[in-house]
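All remarks here apply to the structure that follows.
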Protein chains: 4
Amino acid sequence: MNQREGPVTARGQKTRQALLDAACEEFGSKGFYNASISSITRRAGVAQGTFYLYYRSKEEILRALVDHMNRSMRRAQSEAVQNANHRVDAEVAGLRHFMRFALEHRSLYRVVMESQFVDPEIHRSYYQTLADRYAEHLSKAQQRGEIRAGDPCAQAWALIGVAYFMGMRFPVWEEREPPEDFMATMEDFIATALSPAPRPDAGERTTKGDRQMRGSH
Amino acid sequence: MNQREGPVTARGQKTRQALLDAACEEFGSKGFYNASISSITRRAGVAQGTFYLYYRSKEEILRALVDHMNRSMRRAQSEAVQNANHRVDAEVAGLRHFMRFALEHRSLYRVVMESQFVDPEIHRSYYQTLADRYAEHLSKAQQRGEIRAGDPCAQAWALIGVAYFMGMRFPVWEEREPPEDFMATMEDFIATALSPAPRPDAGERTTKGDRQMRGSH
Amino acid sequence: MNQREGPVTARGQKTRQALLDAACEEFGSKGFYNASISSITRRAGVAQGTFYLYYRSKEEILRALVDHMNRSMRRAQSEAVQNANHRVDAEVAGLRHFMRFALEHRSLYRVVMESQFVDPEIHRSYYQTLADRYAEHLSKAQQRGEIRAGDPCAQAWALIGVAYFMGMRFPVWEEREPPEDFMATMEDFIATALSPAPRPDAGERTTKGDRQMRGSH
Amino acid sequence: MNQREGPVTARGQKTRQALLDAACEEFGSKGFYNASISSITRRAGVAQGTFYLYYRSKEEILRALVDHMNRSMRRAQSEAVQNANHRVDAEVAGLRHFMRFALEHRSLYRVVMESQFVDPEIHRSYYQTLADRYAEHLSKAQQRGEIRAGDPCAQAWALIGVAYFMGMRFPVWEEREPPEDFMATMEDFIATALSPAPRPDAGERTTKGDRQMRGSH
DNA sequence: CATGAATGAGGCTTCATTCAT
DNA sequence: GATGAATGAAGCCTCATTCAT
């Protein structure tokens, strides 16, 4: 993403990585705006000026972090899901796996969330990319009849929303994974939400009007 | 919430409100950290020092705003839902209504989201309160058999997560309500997720194992 | 001292006095620069604006306080000393009495000390007045042969210096009177310092040279 | 004294010293509270931010100044006194020397005096240290019979009080040394106060009671 | 490749003082 | 005679960034 080249030797790579890690800790614990470059370089064990050999600005290293999260998540999620033969299972497995990932990368996850208030564009693009990938999978799954009909983007968005909040509630706030029964309901929630409607000939209710009638008996 | 008393005359009340509105605009458009008190008071048409007659600090006015959102939302949502006779309908109506609310109070909504990175405790308590209220409704609805069994807290979190993301995607990012078909899928998503499982004698699949088997045929 | 007239009714007098007392407490406890008018008026139980009906500025009320100390001290000291028939006794009694006075009016005493760093002129004039009065007494006492020859101003200054430091050490720092044996040595110190030299025919040493000789035996 | 490390190169040392000197001038002329960091850095010829590389706050540089005075005084006084063979001579020489020192370091001396109203603890500890050292010398001198019996602390305190006031009157207020006859009386004052009582067999009065009797004849 | 001293803009906050009621 | 809301100047301090070594 138009990133400064900077030193490229092995030593240089190590410094760059040290800065990235340090920034992750620093942003994650203090928040972007309360973090300071001097504290980052202190954590990384380099001089202040060194920072600018590798990153053009405080915001650029944030972008690098979001980028990093993007790649990590993609890899991690695709691994987590590779054994699922059914999209619903994949989503369920994905949610559970995400909880572990978010816990392990709490700081990084927090940074991504905060990026919305620093560089909305990058945050937006992060989630858009994520949603698009989701949507594509969902779309194909719909064609296979594995999941319920409907706008795949909306479904993707909904799934991400659920995961987002879970990630905030447990890994970030409480620094632990959700309790098992909580998790079970969550999985049931999304599994149910995605599961295909019974065939129309079954005479089942599916509309709002239907439900309202029933409610007014 | 431990708020500075400050001036109490009618004139004072007006000034206090002007500051609150101005802060909402300012935080909403620039973000908390890029907002400045001087800009807030300029918007409000008062001198800088006047700010501190009403709010002890930049953070305190943020808290006042989140508090304000809390009360507004509560009132707005209960109105929106009062005609629903069924919990599922209430949630669906609530979601749709929230989209309108979030659009109209974009700035305020953004402020609440950002509060996580300023004063995590207040943000956390905001959503905890919300989730608790949700959970209570859901719990009762479960007893009435209106919605699916499961941990009501988990369900509440899931619903909030969905709404949260929708609110970010459309009102905040695109400054419009979601398109109708998007909205429809969303409603279907949560309605399905909440709807009670068919009675067991129907021989329907409800378990993960079941699904997996089916997926591997 | 060119003091603002302000309201002069009985009620007005009470308010003026309340402000003066409040300022004394406030300055005494926080120091002049850390004291605030708003805190003074709060202590006095009046509105902020009221302050300026009685005193033109923060510095003016300080001047009023130093003035007040001046009058109080003068009265108190002359009472304390009126029974002494010998100047040395008067000074000794005066020192002891001053310790009690300083303890009782700790705040006021501190304010006078601090005034040097607010309005050097008033502080200087306070001590000059004091020293002049002292010097006059000492001068007469010298003529009566009660005390040692020498520049009475220098003697006055020395005596004040001793009292000043004692007042700082015990009443202000430790909020108590000096212990008795400490006090006794102090009294012996000034009594000795002031007592007349033996008559010259006694052949006693009185000069530095003399002492040095003795030192170099 | 828990001082910020700050830059440590030769250049850094120079900057640190420049700031210290500038602060001394600034505090000395305007007083601590009317002094401003920006004025100090202007005097020192550096940018405002540079100040905080060396001193954590306005108060810390004050502490550094008092500390500096402490060391300077100690060195200067011990030099001034090293030729005295008799404690009384040492005190007399010390007083005279202090007048020169106070004149030359007027600003620094004023700063030390004002420190009482900024950070009472440091001021107190400054004078306590001074008094303790004095007291020790006096105590030994008493054992050698060079000076009068009595609580050495009280004597020390008295001597410091005298010097303190002299230092204020002439070097600080009038920016000159005391006139010679003034000085002479002063020296006589302390020399007399410290000189041992004549041996009892001489029949001289030494008690208060004695004096009182004599006064009432 | 790295250092670290220096910069200076900019923000929050306090508070003496004024003034309309 | 008193009120108290409003003012706005001024100061401390932080920190991203630059630059000479």
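Given the structure is predicted, the values throughout are model-derived calculations rather than measurements.
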* Residues forming a salt bridge (Lys or Arg N to Asp or Glu O under 4.0 Å) with D:D119, sequence neighbours excluded -> D:R63

* To do: Indicate, yes or no, whether a donor-acceptor pair under 3.5 Å links the base of F:dC13 to the side chain of D:Q48.
  => yes

* Structure fact -> Among the nucleotides F:dT7, E:dA16, F:dA2, whichever has the atom closest to the side chain of B:T50 is F:dT7

* Asked: What's the closest nucleotide to the B:Y54 side chain, out of E:dC12, F:dA5, F:dT18?
  -> F:dA5

* In dot-bracket form, how is DNA chain E paired, counting a Watson-Crick or G-U wobble pair only if both its distances are under 3.5 Å and using | for bases paired to another strand? -> .||||||||||||||||||||

* Asked: Think B:T9 has a side-chain N or O under 4.0 angstrom from the OP1 or OP2 of F:dG4?
  -> no

* Asked: Do any pairs count as a side-chain hydrogen bond (donor to acceptor under 3.5 Å, both in side chains) and have a residue in residues 107-117 of chain A, sequence neighbours left out, and if so which ones?
  -> none

* Asked: Do C:R56 and C:F51 meet the cation-pi criteria used here (NZ or CZ under 6.0 Å from the six-membered ring centre, within 45° of the axis)?
  -> no

* For atom CD of A:E59 and atom P of F:dA16, their distance in whole Å -> 11 Å

* Under the side-chain contact (heavy atoms from CB on, under 4.5 Å) test, which residues partner C:A18, sequence neighbours left out? -> C:A44

* C:K58 side chain: which of E:dT3, E:dT14, E:dA16 is closest? -> E:dA16

* To do: For residues A:N34 and B:F117, determine if any side-chain heavy atom of one lies less than 4.5 Å from a side-chain heavy atom of the other.
  => no

* Give a yes/no answer on whether the side chain of B:Y52 brings an N or O atom under 4.0 Å of OP1 or OP2 in E:dT14. => no

Report, one pair per line, the protein and nucleotides 19-21 of chain F atoms (nitrogen or oxygen only) whose separation is under 3.5 Å.
none

* With sequence neighbours excluded, tell me which residues meet side chain to side chain donor-acceptor pair (under 3.5 Å) with D:E59. => none

* Could you pull out all residues at least two apart from B:R11 that satisfy side-chain contact (heavy atoms from CB on, under 4.5 Å)? => B:T9

* What pairs with D:N70 under side-chain contact (heavy atoms from CB on, under 4.5 Å), at least two apart in sequence or on another chain? -> D:R74, D:Y126

* Between atom CZ in D:R16 and atom P in E:dG4, what is the gap in whole Å? -> 16 Å

* Taking the side chain of B:L53 as heavy atoms from C-beta outward, which of E:dT13, E:dA16, F:dA5 is closest to it? -> F:dA5

* State which residues pass salt bridge (Lys or Arg N to Asp or Glu O under 4.0 Å) with A:K30; sequence neighbours excluded, sorted by chain then number. => A:E26

* In terms of the angle between their ring planes, are C:W173 and D:H123 parallel, tilted or perpendicular, with boundaries placed at 30° and 60°? -> perpendicular

* Structure fact -> Within residues 17-43 of chain B, the residues having a heavy atom closer than 4.0 Å to DNA chain F are none

* **salt bridge (Lys or Arg N to Asp or Glu O under 4.0 Å) partners of A:R124, counting only residues at least two apart** => none

* Residue mapping more 5' on DNA chain F - nearest nucleotide basis, C:G12 or B:A47 -> C:G12

* To do: Could you pull out all residues at least two apart from B:S29 that satisfy side-chain contact (heavy atoms from CB on, under 4.5 Å)?
  => B:R43

* Structure fact -> From OH of C:Y55 across to C1' of E:dT17 the rounded distance in Å is 17 Å

* Length of the line joining A:K14:NZ and E:dA2:P, which is rounded to integer Å -> 11 Å

* Asked: Nearest-Å distance, CZ (C:F51) to P (E:dT18)?
  -> 12 Å

* Hey, does the side chain of B:S57 come within less than 4.0 Å of E:dC12's phosphate (OP1/OP2), counting only N and O? -> no

* Using whole Å, report how far CD of B:E60 lies from P of E:dC12. => 15 Å

* Asked: Taking the side chain of B:R11 as heavy atoms from C-beta outward, which of F:dA6, E:dT17, E:dT7 is closest to it?
  -> F:dA6

